[in-house]
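Reviewing the structure listed below.
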Amino acid sequence: MPAVEVTGSQWGDEGKGKIVDYLAQQADVVVRYQGGSNAGHTVTVDGEEYKLRLLPSGILYKGTLCVIGNGVVVDPKVMLEEMDAMTKRGIDVSGIRLSNRAHVVMPYHSLMDGLGEELRGNSKIGTTKRGIGPAYQDKAKRVGIRVCDLMDKEEFAKKLKENLTVKNIELERLYKHEPLDYDEMLKEYEGYAERLRPYVCDTIFLLNDALAAGKKVLFEGAQATMLDIDYGTYPYVTSSHPVSGGIGVGAGVAPSKLDTVVGVVKAYCTRVGSGPFPTEQLNEAGEKLREAGHEYGTVTGRPRRTGWLDAYVVKYAGMLSGINYMAITRLDILDDFDEIKMCTGYKYRGELLNEMPASLKVLEEVEPVYETFKGWKTPISDVREYDKLPKEARVYLERLAEVTGIKLGIVSVGANRDQTIILEKNLF
Ligand code: GDP
Ligand code: IMO
Ligand code: MG
């Protein structure tokens, strides 16, 4: 089974980095297909932490190709900083490939991301301020600058001039901000272009050729279903398609080529930024989840909102992405709870729902239906076989599989690569 996709099933930070790193042991190619440096994927090997924003989580394996696909918006400064940091730690970055069609995140994108949020006031999205929304906005508006433009000195100078002229008017008139300097930006980005040039190629053909040659390709989703611009809690979402179908547009690989979809499911729920979160616990239980799980953002350091596992959301993610197996993460964070709750459905004005409400007004009003489980009250981080997990933990997981109709594939009981229980050996 050569094409496997890993996708977030909740609101992000489920532990996709850990699961991708684990599965990447068997992969020839690991691919990011959407999002940008708003992602923060942590991989831990032998107690050493690697925080990745743009580079695929396969980077720790020598010889693995790490592709940044056309659907990603790339901040060259962040990418080069990440590559330098990896090189300093002895990691080989020669396997990186950057799509010539990917869009470039420019300094005005990140700046306007922040200024735009300020302007929205109380209805701000709570973005990561990495320029993601503004970069995708320019892409859709057909004024964006692509990596192939960045590689062409003349074309880049022309496109930057056109863009910056308009952005500076916007900056000055709308945001009352001083204009950005053309010459400085041109020089800075020409430098990035030269450093990135050796890695740039047509990743669409590279990926399709790899699949045709029987190579194992692993797709790494960033963000998650509930942050998808179509399926999430719009407008409190990101600007791309984290669902598995995103590979069609973001990597140039047809959905029919995908063999297996792994949905990463955190054993409870978190959300950073604004927007509805039906199982949020603004109480002692939520506080305990935050402290036990050290739930503070990788990219921004913000405290994450916390709540009980929402199986209704996971089931929805399963339908949208065609998830075949769940990879449950952070089960160990629940080690010390007397009682654990799981939401199995939503009620709206007394009626059980069969859909995910599009209207945020409705979603804000839904009542989660909870089932309560007995905690296992014992550390599980050293367990390596499913049958050796405490019975209470298995009951919890098996009920999740039942409610969602999705099989358990992996259970993660710690951040380290080896703290992983495998139920399905043949994911590739
Ligand atoms: P991602 O954005 O989906 O890749 O997730 P993040 O990396 O932002 O957040 C997940 C955090 O949980 C990271 O710090 C991981 O190292 C850590 N992690 C992953 N799996 C486990 C696990 O099973 N147990 C514990 N305790 N930590 C985990
Ligand atoms: P990973 O890949 C969690 C959230 C932001 C905000 C909304 C829009 O690590 O799971 P954006 O900067 O994308 O315009 O912000 O999406 N968000 C994430 N939340 N994990 C992420 O990535 C996220 N990327 C964006 O907090 O609510
Ligand atoms: Mg993250």
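Read the numbers this way: they start at 1 and go in the same order the structure lists the ligands and their atoms.
Ion pairing between K361 and E365 fails under the 4.0 Å rule for side-chain N and carboxylate O. Ionic pairing of D13 and R304 is present here: one or more N-O contacts between side-chain nitrogen and carboxylate oxygen are shorter than 4.0 angstrom. Taking a cutoff of 4.0 Å between a charged side-chain nitrogen and a carboxylate oxygen, E402 and R399 qualify as a salt bridge.
Using modelled atom types and a 3.5 Å distance limit, the side chains of Y386 and R394 yield no donor-acceptor pair. For the residue pair K18 and T329, no side-chain donor N or O sits within less than 3.5 Å of a side-chain acceptor on the partner. If you check the side chains of D138 and H103, you find no donor sitting under 3.5 Å from an acceptor.
Among the atoms of D113, none of the N or O lies under 3.5 angstrom from an N or O of ligand 2. Residue-to-ligand polar distances place G40 within reach of ligand 1: an N/O pair is separated by less than 3.5 Å. Residue contacts with ligand 2: G40 is placed with a nitrogen or oxygen under 3.5 Å of a nitrogen or oxygen of the ligand (distance criterion only). On a distance-only criterion, K16 and ligand 2 share at least one N/O pair closer than 3.5 Å. At least one N/O-N/O distance between T128 and ligand 2 falls below 3.5 Å. For a threshold of 3.5 Å applied to N or O pairs, the pair formed by T238 and ligand 2 contains at least one separation below that value. Close N/O approach between L227 and ligand 2 is not found [any backbone or side-chain N/O within under 3.5 Å]. Considering backbone and side-chain atoms together, Q223 places an N or O closer than 3.5 Å to an N or O of ligand 2.
Side-chain contact between L171 and E178: absent, with no pair of heavy atoms (C-beta onward) separated by less than 4.5 Å. The shortest side-chain heavy-atom distance between T279 and Y312 does not fall under the 4.5 Å cut-off. In this structure, the side chains of C343 and W308 stay at 4.5 Å or more apart for every pair of heavy atoms. Between Y136 and Q34, the closest side-chain pair of non-hydrogen atoms falls below 4.5 Å. Between L289 and E295, the closest side-chain pair of non-hydrogen atoms is not below 4.5 Å.
Proximity annotation for atom 17 (C) of ligand 1: of E220, R330, K18, R330 comes nearest, heavy atoms only. Residue T127 holds the heavy atom nearest to atom 14 (O) of ligand 2 of all those in T127, I229, V272. Counting only non-hydrogen atoms, the option in T42, D332, N416 that gets closest to atom 13 (C) of ligand 1 is T42.
Which parts of ligand 2 touch A222 is read off a 4.0 Å heavy-atom cut-off, strictly below it: atoms 2 (O). Taking a cut-off of under 4.0 Å to the non-hydrogen atoms of S412, the atoms of ligand 1 that pass are 20 (N), 21 (C), 22 (C), 23 (O). Atom numbering of ligand 2 starts at 1 in the shown order; those under 4.0 Å from a heavy atom of G12 are 3 (C), 10 (O), 20 (N). Under a 4.0 Å criterion applied to the non-hydrogen atoms of I333, ligand 1 contributes the atoms 26 (N). Residue D13 has at least one heavy-atom neighbour below 4.0 Å for each of these atoms of ligand 2: 1 (P), 3 (C), 9 (O), 10 (O), 20 (N). Shown in contact with G126 at under 4.0 Å from a heavy atom are these atoms of ligand 2, numbered in order with element: 5 (C), 6 (C), 26 (O), 27 (O). Of all the atoms in ligand 2, the ones that sit under 4.0 Å from a non-hydrogen atom of I125 are 8 (C), 27 (O). Every atom of ligand 2 is numbered from 1 in the order shown, and the set under 4.0 Å from a heavy atom of V237 is 7 (C), 8 (C). Close contacts between ligand 1 and G17 involve ligand atoms 4 (O) [criterion: under 4.0 Å to a heavy atom]. The contact set between ligand 2 and G273, taken as ligand atoms under 4.0 Å from a residue heavy atom, comprises 27 (O). Within ligand 1, counting atoms from 1 as listed, the ones closer than 4.0 Å to a heavy atom of G414 are 20 (N), 21 (C), 22 (C), 23 (O), 24 (N), 25 (C). Within ligand 2, the atoms closer than 4.0 Å to a non-hydrogen atom of W11 are 3 (C), 19 (N), numbered from 1 in the order shown. Within the listing of ligand 1, atoms 8 (O) sit less than 4.0 angstrom from a heavy atom of R304. Near H41, the atoms of ligand 1 lying under 4.0 angstrom from a non-hydrogen atom of the residue are 1 (P), 2 (O), 4 (O), 7 (O).
For R89 and Y50, the positive end sits near the middle of the six-membered ring, less than 6.0 Å away and at most 45° from its axis.
Distance check for G40 against the Mg ion (ligand 3): an N/O/S atom falls below 2.8 Å.
The shell of residues lying under 4.0 angstrom from ligand 2, judged by heavy atoms, excludes G8. Distances shorter than 4.0 angstrom occur between a heavy atom of H41 and an atom of ligand 2.
For the pair D259 (side chain) and A3 (backbone), a donor-acceptor distance under 3.5 Å is present.
Relative ring orientation between Y33 and F219 is described as perpendicular, the plane-to-plane angle rising above 60° on a 0-90° scale split at 30° and 60°. Under the 30°/60° scheme for interplanar angles, the aromatic rings of W11 and F277 are found to be tilted.
Checked options D113, N38, T238; the residue passing with T127 is D113 (criterion: side-chain hydrogen bond (donor to acceptor under 3.5 Å, both in side chains)). Just one of D28, L218, V217, T260 meets the side-chain contact (heavy atoms from CB on, under 4.5 Å) condition when paired with F428; it is L218.
Nearest N/O/S atom of D13 relative to the Mg ion (ligand 3): this is OD1.
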